[in-house]
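We count residues from 1, following the sequence as given.
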Amino acid sequence: MVVAVDDADALDAYSRSVSSVAAEVTPHVASVRLARGSGSAVVFADDGHLVTNAHVVGSGAHGIATYSDGTETRFTVVGADPLSDLAVLRASEAPPAARLGDADKLVVGQLVVAIGSPLGLAGSVTAGVVSALGRSLPVRTRSAGRVIENVIQTDAALNPGNSGGALADSAGRVVGVNTAVAGFGLGLAVPINDTTRRIIDTLTVEGRVRRAYLGVVGVPAPLPDDVAEHTGQRAGLRIVEVVRGGPAERAGLRPGDLVLTVGRSRITDAQDIQRQLFAEVIGTRLAITVLRNGAMVDVFATPSELVN
């Protein structure tokens with residue numbers, strides 16, 4: 001038997017879900033003000049650490065955080081990483097941490113709620129859906145460029161002050177940090193996943209993120225059927241550019257090579273490489289297997305440090 005649900009009931013269910021998420025997450029979101037900017041931040045640890053965007057803090061070293069109950073407290077900037085657009089703050093007092101989720105489990109069409117402080121108005125809530133996944137957001141510092149992979153695209157209305165605020169799923173878990181207004185009705189958020197958790201943890205402990213550098217630009221590409229059957233791998237990363245004088249060129253990598261593994265881990269997109277290029281591989285020999293002219297070739301590259 002099919003039970004009809006009228007529009008009022010559906011709206012009530014939607015409203016209940018959004019207001020439940022807002023009630024849970026809002027106390028963990030702060031409005032942050034620095035000498036040359038403002039935005040939002042999310043408490044992610046019970047010891048007073050908050051995460052926000054690197055572009056929110058800029059070159060600032062300290063500021064004032066205001067929580068939804070009106071409490072004001074001072075904070076210092078522990079560290080910022082412009083190449084992921086993430087920064088960590090340490091407040092002198094803060095509410096308990098928000099629950100963090102895993103953005104890698106999101107699906108298109110899923111309800112998300114954006115909570116921040118646009119124009120300094122703490123506790124502002126908008127809702128929408130995940131409109132796309134796997135987007136890329138180019139970021140650049142004075143001397144280095146990078147692409148933030150798997151950015152979340154949402155139609156939840158975002159204003160500039162939402163930057164650094166929470167993007168939460170219907171269970172009240174923070175799955176992203178709102179990072180940009182890409183156009184009317186379009187917002188982007190840096191995902192909370194294994195890679196960004198590692199960046200946040202590193203900023204918390206060390207105040208900066210050291211990255212290794214290979215010097216390749218690539219796009220995902222399918223493997224030939226016979227290679228896919230032999231390796232059990234369906235896709236790799238096709239190199240379209242090798243930076244002159246970089247570690248990849250010195251190792252003999254070429255445009256057209258199809259990267260299968262790096263450090264013996266399978267590669268299907270740029271993020272698979274980026275998640276390996278942290279401090280511990282700087283100056284070490286990194287095994288790379290590529291498909292070249294129908295044959296699998298092993299090379300060894302020695303990543304250098306990416307200088308921001």
Side-chain angles (χ1 to χ4, degrees), residues 25 27-32 34 37 39-63 65 67 73 75-106 112 114-116 136-137 139 141 144 146-152 162-169 172-180 188-212 271-281 306 308:
V25 178
H28 311 287
V29 177
S31 169
V32 293
L34 299 96
S40 306
V42 184
V43 181
F44 71 87
D46 290 334
D47 58 2
H49 282 97
L50 298 88
V51 63
T52 184
N53 289 144
H55 78 260
V56 168
V57 303
S59 59
H62 52 80
Y67 302 108
T73 185
F75 68 81
T76 57
V77 178
V78 177
D81 180 44
L83 293 179
S84 64
D85 198 20
L86 292 173
V88 170
L89 317 175
R90 175 68 185 269
S92 53
E93 58 180 297
R99 289 190 298 136
L100 300 185
D102 183 0
D104 290 345
K105 296 179 180 179
L106 291 174
V112 285
I115 300 170
S136 298
L137 179 64
V139 290
T141 64
R146 188 174 181 268
V147 173
I148 304 175
E149 298 287 347
N150 290 341
V151 170
I152 306 163
N162 273 112
S163 289
L167 188 72
D169 63 15
R173 298 169 297 210
V174 178
V175 292
V177 178
N178 299 319
T179 190
L188 301 176
V190 177
I192 297 294
N193 55 24
D194 287 344
T195 301
T196 51
R197 283 174 186 261
R198 182 175 182 180
I199 290 170
I200 292 168
D201 288 345
T202 302
L203 285 173
T204 302
V205 175
E206 302 180 19
R208 69 182 183 121
V209 177
R210 295 179 66 213
R211 285 190 176 81
Q271 189 185 35
D272 287 340
I273 293 181
Q274 289 182 355
R275 64 167 52 101
Q276 295 192 56
L277 297 181
F278 285 92
E280 60 267 23
V281 300
L306 178 63
N308 290 340

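We find the CG-CD1 distance between L86 and I199 to be 6.0 Å, quoted to the nearest 0.5 Å. Summarising the geometry, atom CG belonging to L306 is positioned 9.0 Å from atom CG belonging to L277; distances are rounded to the nearest 0.5 Å. F278 CZ to R210 CZ: the interatomic distance, rounded to the nearest 0.5 Å, is 12.5 Å. How far OG1 of T179 is from NE2 of H55: 5.5 Å, rounded to the nearest 0.5 Å. D272 contributes atom CG, which lies 5.0 Å from atom CZ of R275 (distance to the nearest 0.5 angstrom). Between the OG1 atom in T204 and the CZ atom in F44 there is a gap of 3.5 Å [rounded to 0.5 Å].
The nearest pair of heavy atoms linking A91 to T73 is CB-CG2, 4.0 Å. Of all heavy-atom pairs spanning H28 and P96, the tightest one is ND1-O, 2.7 Å. Closest heavy-atom contact between V43 and A94: CG2-CB, 4.3 Å. Here the closest heavy-atom approach between residue G165 and residue V42 is recorded as C-CG2, 3.7 Å. Contact between A80 and V57 at its shortest, heavy atoms only, is CB-CG2, 4.0 Å. Residues A41 and T52 approach most closely at CB-CB, 3.8 Å, considering heavy atoms.
Judged by distance alone, with hydrogens and angles left aside, the side-chain atoms of D85 form no donor-acceptor pair with the main-chain N or O of N53 at under 3.5 Å. Using modelled atom types, no side-chain atom of N178 and backbone atom of A189 make a donor-acceptor pair closer than 3.5 Å.
Here the options are V51, V177, L100, the test is side-chain contact (heavy atoms from CB on, under 4.5 Å), and the partner is I200; only V51 passes. Of the residues listed (L50, L89, V88), the one engaging V78 in a side-chain contact (heavy atoms from CB on, under 4.5 Å) is V88, and it is the only one.
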Quiz item: For V112 and I152, what are the C-alpha separation, side-chain angles and deciding distance, and is it a side-chain contact (heavy atoms from CB on, under 4.5 Å)?
Solution: CA-CA 10 Å; V112 285; I152 306 163; 5.8 Å; no
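In this view, R197 satisfies the side chain to side chain donor-acceptor pair (under 3.5 Å) rule with no residue, not counting sequence neighbours. Legend: residues meeting salt bridge (charged side-chain N to carboxylate O under 4.0 Å, His left out) with R173, ordered by chain and number and at least two apart, are D169. Legend: residues meeting side chain to side chain donor-acceptor pair (under 3.5 Å) with T76, ordered by chain and number and at least two apart, are absent.
For the pair T195 and Q274, the minimum side-chain heavy-atom distance is 4.5 Å or more. Side-chain contact between D81 and T202: absent, with no pair of heavy atoms (C-beta onward) separated by less than 4.5 Å.
For the 3.5 Å distance criterion, the side chains of N193 and T196 qualify, holding a donor opposite an acceptor.
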